[in-house]
Number of protein chains: 2
Amino acid sequence: MIRVILAEDQAMVRGALASLLDLEPDIEVVGEAATGEEAVAVVERLEPDVALLDIEMPVLDGIAAAARIRARTPGCRVVILTTFGRPGYLRQAMEAGAYGFLVKDSPARELAVAIRRVLGGERVIDPGLAAAALSAGPNPLSRRERDVLVAAADGSTIVDIARALHLSEGTVRNYLSSAIQKTGARNRIEAVQRSRLQGWL
Amino acid sequence: MIRVILAEDQAMVRGALASLLDLEPDIEVVGEAATGEEAVAVVERLEPDVALLDIEMPVLDGIAAAARIRARTPGCRVVILTTFGRPGYLRQAMEAGAYGFLVKDSPARELAVAIRRVLGGERVIDPGLAAAALSAGPNPLSRRERDVLVAAADGSTIVDIARALHLSEGTVRNYLSSAIQKTGARNRIEAVQRSRLQGWL
DNA sequence: GCGCTTCTCTGACAAATGTCATAGAGAAAG
DNA sequence: CTTTCTCTATGACATTTGTCAGAGAAGCGC
């Protein structure tokens with residue numbers, strides 16, 4: 001039996017995925033988690049063969065959870081399962097030591113197939129997405145440019161951001177300006193959007 | 001047997017929900033759809049007892065699909081199943097004639113319970129969400145204010161929006177300004193965010 | 001060490017954004 | 001028939017945003 005734990009914040013989706021996996025004769029869902037932090041703890045306690053992690057989770061996202069799991073419980077193979085097939089997400093997932101990367105709009109039967117393959121030592125990645133991630137190149141934004149973009153995303157003004165990050169207003173302007181340049185956008189909103197699409201935030 | 005069709009754009013989630021419902025001895029998933037348009041067609045063809053619709057779907061969203069289903073196939077009861085429990089969504093769903101409104105972070109077992117209740121003639125709505133929808137009041141934005149906000153959401157400039165909607169630049173400014181006032185925001189980004197949170201877009 | 005990037009800041013300037021007053025036309029409500 | 005709302009528009013104004021040039025300090029790679 002392949003022992004799997006499932007981390008996903010939406011309870012109904014989590015339950016549904018569990019019932020999907022329990023249909024498989026060789027797979028058993030032995031634990032569930034609603035946040036990345038819970039997932040790390042559950043994996044440490046139960047030592048499953050595979051941890052299936054959503055990215056978009058509160059407290060600790062799936063990618064950060066993957067990194068911690070690799071450090072603390074290296075015997076457990078991580079598969080990322082996400083809504084958004086963004087190049088930057090895939091890159092980060094690989095850096096965090098994930099063995100598989102699936103998007104939620106691939107067919108349901110792929111899930112069990114992927115789990116079996118990963119357990120067999122294979123890496124499972126959507127080929128189209130892999131190509132996109134490679135051709136897109138790495139994240140061009142610096143640490144601070146990212147910080148400022150994230151802070152700007154909710155409609156904060158320059159003054160707000162400057163206060164929140166303990167920077168001068170001019171500095172914030174400059175970071176925003178360079179982030180706009182690097183993303184090829186015309187203003188901060190487009191810059192945030194494009195960066196999100198690439199998985200750079 | 002309760003005959004159900006399932007509309008959800010993410011294939012894996014759709015498959016998982018189907019396996020969840022098929023566990024129930026009295027429920028049968030007789031059809032699936034990936035868009036609202038497909039859902040309307042499938043319902044018309046199969047005349048199920050219940051149509052379970054996601055809101056966020058391409059081509060035609062779940063709320064618009066619900067309205068069409070009520071018009072064309074009134075014998076089919078619609079249940080909305082959505083990621084976002086936004087007051088405006090609930091309001092629109094009710095106006096479109098939905099019998100139930102569930103959010104995906106409620107427990108998985110609620111789904112079957114809700115379907116049975118709706119078939120029994122009950123309306124199933126999260127009580128907390130109902131209260132929020134009532135206390136929040138109706139959408140304060142006018143048609144055009146909404147149009148302009150939606151157009152502004154992706155980073156379009158005033159000029160872009162004016163062109164897209166065939167308006168003068170000054171008019172666009174005015175609509176944006178009043179939308180900002182009505183939402184209590186400080187700029188368009190905050191206005192878009194707050195409106196989204198309320199389900200006003 | 002030298003070059004590179006990053007982080008931080010300033011000042012000046014042009015362009016975009018948001019506000020306000022005003023106004024006419026049409027539709028809906030009373 | 002009057003009031004109210006929405007849609008449309010203009011002009012003027014203050015504020016915010018985005019760009020650019022320049023500059024010092026810290027860290028990294030070779």
Side-chain angles (χ1 to χ4, degrees), chain A residues 88 91-92 95 136-201, chain B residues 88 91-92 95 136-201:
Chain A
R91 186 178 290 263
Q92 286 176 66
E95 284 166 8
N139 190 339
L141 300 173
S142 76
R143 185 77 234 278
R144 277 321 222 180
E145 285 162 355
R146 248 179 298 147
D147 292 343
V148 169
L149 266 194
V150 169
D154 67 345
S156 293
T157 63
I158 304 260
V159 178
D160 293 340
I161 302 170
R163 267 195 216 130
L165 301 183
H166 306 293
L167 291 172
S168 88
E169 295 175 28
T171 306
V172 173
R173 266 149 202 284
N174 289 340
Y175 286 147
L176 272 174
S177 184
S178 70
I180 290 166
Q181 305 287 302
K182 286 182 178 177
T183 52
R186 290 173 305 168
N187 53 52
R188 57 177 77 185
I189 314 180
E190 263 188 19
V192 167
Q193 242 204 354
R194 292 181 180 211
S195 303
R196 282 227 180 98
L197 210 64
Q198 293 292 326
W200 288 340
L201 301 185
Chain B
R91 187 178 290 263
Q92 287 177 67
E95 284 166 8
N139 190 338
L141 300 173
S142 77
R143 186 77 236 276
R144 279 320 225 180
E145 285 161 356
R146 247 179 299 148
D147 291 344
V148 169
L149 266 195
V150 169
D154 67 346
S156 294
T157 64
I158 304 259
V159 178
D160 294 339
I161 302 170
R163 268 194 215 129
L165 301 183
H166 306 294
L167 291 172
S168 88
E169 295 176 29
T171 306
V172 173
R173 265 148 201 285
N174 289 340
Y175 286 147
L176 273 174
S177 184
S178 69
I180 290 166
Q181 305 289 301
K182 285 182 178 178
T183 52
R186 290 174 304 169
N187 54 51
R188 56 176 77 187
I189 315 179
E190 264 189 17
V192 167
Q193 242 207 352
R194 293 181 179 210
S195 303
R196 282 225 180 101
L197 208 64
Q198 294 292 325
W200 289 338
L201 301 185

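Residue numbers start from 1 in every chain, and the chains themselves are labelled A, B, ... in the order their sequence lines are given, proteins ahead of strands.
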Provide, to the nearest angstrom, the distance between the [atom1] atom belonging to [X] and the [atom2] atom belonging to [N].
| X | N | atom1 | atom2 | result |
| --- | --- | --- | --- | --- |
| E169(A) | dT16(D) | CD | C1' | 10 Å |
| N139(A) | dT6(C) | CG | P | 11 Å |
| L141(B) | dC5(D) | CG | C1' | 14 Å |
| K182(A) | dG18(D) | NZ | C1' | 16 Å |
| E145(A) | dC7(C) | CD | C1' | 10 Å |

Five-pair end axes of the helix from dG1(C)-dC30(D) to dG30(C)-dC1(D) and the angle they enclose, rounded to 10°: 50°

D147(A) vs I161(A), side chain to side chain contact (heavy atoms under 4.5 Å, CB included): CA-CA, chis, key distance, verdict: CA-CA 9 Å; D147(A) 292 343; I161(A) 302 170; over 6 Å; no

Step-by-step side chain to side chain contact (heavy atoms under 4.5 Å, CB included) determination, T183(A) to Q193(A): CA-CA 10 Å; T183(A) 52; Q193(A) 242 204 354; over 6 Å; no

Distance, nearest 0.5 Å, that separates CG of L167(A) from CZ of R173(A): 13.5 Å

Distance (rounded to the nearest 0.5 Å) between Q181(A) CD and S177(A) OG: 5.0 Å

Closest non-hydrogen atom pair between E145(A) and S178(A), with its separation: OE2-OG, 2.7 Å

T171(B) side-chain N/O to dC7(D) phosphate OP1/OP2 under 4.0 Å: no

side-chain N/O R143(B) vs dC7(D) OP1/OP2, d < 4.0 Å: no

Sequence-aligned protein contact record of nucleotides 17-30 of chain C, with B where the base is within under 4.0 Å of a protein heavy atom and S where only the sugar-phosphate is: BBBB----------

NZ/NE/NH1/NH2 to OD/OE distance under 4.0 Å, R194(B) and D154(A): no

Enclosure of R146(A) CZ (heavy-atom neighbours >12, cutoff 6.0 Å): yes

Criterion side chain to side chain contact (heavy atoms under 4.5 Å, CB included) on L149(B) and Y175(B), from CA distance to verdict: CA-CA 8 Å; L149(B) 266 195; Y175(B) 286 147; over 6 Å; no

Nucleotide nearest Y175(B) when distance is taken to its side chain, options dC9(C), dT8(C), dT8(D): dT8(D)

H166(B) or P140(B), whichever maps to the more 5' nucleotide of DNA chain D: P140(B)

Full working for side chain to side chain contact (heavy atoms under 4.5 Å, CB included) between R186(A) and D160(B): CA-CA 12 Å; R186(A) 290 173 305 168; D160(B) 294 339; 2.7 Å; yes

